[in-house]
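As the structure is a prediction and not an experimental result, all values here were calculated from the model.
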Amino acid sequence: MNSNLSARGDRNADATTTPGKVILITGASSGIGEAAARRLAADGHRVFLGARRTERLAALAEQLTADGHTAAYRRLDVTDAADVRAFVDAARAAYGRVDVLVNNAGVMPLSPLEALRTEEWDRMLDVNVRGVLHGIAAALPVMRAQGGGHFVNIASVGAYEVSPTAAVYCATKFAVRALSEGLRQESGGDIRVTVVSPGVTESELADSIGDPLARQAMRDYRAVAMPAAAVASAIAFAVAQPADVDVNELVVRPTASAQ
């Protein structure tokens, strides 16, 4: 069994409490995904967490539940369309609906194009682009059937600009932005779509950089970084808007960052 469902904690709930939204988060084992899980659970929402590192998901869900929140998890590989469908189905089985999907899972193995690290290019396309598409394909029919829903797609400032060693990564984030805008235009008002584009953020993304020059450049670039909680606050802001308000794009940067 790949899932672990936890009951709603008692400290922040009583018989008259209206449960918050059901929010699914991919890439929830660290960084922005983990911070979003903590913030959204604290705001009273029911969070369903997905990532490949189940030991981290288990620890996070256990901590959230101990703090009186509602959290559950399931192992998730966003590159596998069937696995993403199973993730969405498990959340709906646990909580009865799917209100928000935060498409957060991403990788960033930067390198110059001339390094020809084609396996890394494929990995970025699979996770950063196909992963988002798999999330849309799995959750959109559910949201349509229940009469509404909300996609929050995590892009990057790299969705607006391109820098050396980041051509493929930026291409994937441009794609996330384009897919999100297309989904917004096609949704007909029932489905809200938000793109959150963080600047330099404290996370483990840079750990996946194998190219030595790109790795050093990223260390220098990340000298000024904001906490993942800042991005989580942007996500929470978009989610908290009334149903007739759709926050489409949020760009969040460290104040001291020039990029």
Handout entry: Qualifying side-chain hydrogen bond (donor to acceptor under 3.5 Å, both in side chains) pairs with a residue from residues 133-142, counting only residues at least two apart or across chains
Key =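 Those involving residues 133-142 do not exist here.
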Could you state the interatomic distance from [atom1] ([X]) to [atom2] ([Y]), rounded to the nearest 0.5 Å?
| X | Y | atom1 | atom2 | answer |
| --- | --- | --- | --- | --- |
| Leu57 | Arg75 | CG | CZ | 10.0 Å |
| Thr118 | Leu113 | OG1 | CG | 11.5 Å |
| Arg38 | Gln63 | CZ | CD | 4.0 Å |
| Arg130 | Asp122 | CZ | CG | 7.5 Å |
| Arg53 | Leu60 | CZ | CG | 11.5 Å |
| Leu24 | Asn103 | CG | CG | 9.5 Å |

Please examine the side chains of [Y] and [X], heavy atoms only from C-beta on, and report whether any two atoms are closer than 4.5 Å.
| X | Y | result |
| --- | --- | --- |
| Asn104 | Ile235 | no |
| Ser111 | Thr165 | no |
| Leu183 | Leu140 | yes |
| Asn128 | Lys173 | yes |
| Val195 | Asn248 | no |
| Arg192 | Gln241 | yes |
| Pro198 | Ile154 | yes |
| Arg52 | Ser29 | no |

Indicate, with yes or no, if [Y] and [X] share a hydrophobic cluster defined by side-chain heavy-atom contacts under 4.5 Å among Ile, Leu, Val, Met, Phe, Trp and Tyr.
| X | Y | result |
| --- | --- | --- |
| Val78 | Val142 | yes |
| Val252 | Val239 | yes |
| Leu125 | Val176 | no |

Quick check: are there more than 12 heavy atoms from other residues, nucleotides or ligands sitting under 6.0 Å from [atom1] of [X]?
| X | atom1 | result |
| --- | --- | --- |
| Glu62 | CD | no |
| Arg97 | CZ | yes |
| Arg177 | CZ | yes |
| Glu119 | CD | no |

For residues [X] and [Y], report the shortest heavy-atom separation together with the two atoms involved.
| X | Y | value |
| --- | --- | --- |
| Ile191 | Gly148 | CD1-C, 4.0 Å |
| Tyr73 | Ala61 | CD2-CB, 3.9 Å |
| Val193 | Ser187 | CG2-OG, 4.3 Å |
| Gly199 | Met226 | N-CE, 3.7 Å |
| Ala42 | His69 | CA-CE1, 3.7 Å |
| Asp77 | Val84 | O-CG2, 4.0 Å |

Fill in the blank from the handout: From the list Asp99, Thr194, Asp246, side chain to side chain donor-acceptor pair (under 3.5 Å) with His150 holds only for Thr194
Problem - Criterion side chain to side chain contact (heavy atoms under 4.5 Å, CB included) on Leu179 and Val129, from CA distance to verdict - result: CA-CA 9 Å; Leu179 290 169; Val129 181; 4.3 Å; yes
Exercise for the section: Give the C-alpha distance, both sets of side-chain angles, the deciding distance and a yes or no for side chain to side chain contact (heavy atoms under 4.5 Å, CB included) between Leu101 and Thr26. Expected result: CA-CA 8 Å; Leu101 173 60; Thr26 73; 4.2 Å; yes
Exercise for the section: Would you check if there is a donor-acceptor pair between the side chains of Ser233 and Arg39 at a distance under 3.5 Å? Expected result: yes
Exercise for the section: Could you tell me whether Arg123 and Glu120 make a salt bridge, using a distance below 4.0 angstrom between a side-chain N and a carboxylate O? Expected result: no
Exercise for the section: Could you check whether the rings of Phe48 and Tyr95 sit parallel, tilted or perpendicular, using 30° and 60° as the cut-offs? Expected result: perpendicular
Exercise for the section: Give the C-alpha distance, both sets of side-chain angles, the deciding distance and a yes or no for side chain to side chain contact (heavy atoms under 4.5 Å, CB included) between Ile25 and Leu40. Expected result: CA-CA 10 Å; Ile25 305 172; Leu40 294 167; 4.1 Å; yes
Practice task
Output all residues satisfying side-chain contact (heavy atoms from CB on, under 4.5 Å) with Val251, sequence neighbours left out; order by chain, then residue number.
Solution key: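 Expected list: Val157, Tyr160, Ser197, Arg253.
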Exercise for the section: Could you check Leu116 against Trp121 for side chain to side chain contact (heavy atoms under 4.5 Å, CB included), going step by step and ending with a plain yes or no? Expected result: CA-CA 9 Å; Leu116 300 180; Trp121 301 350; 4.2 Å; yes
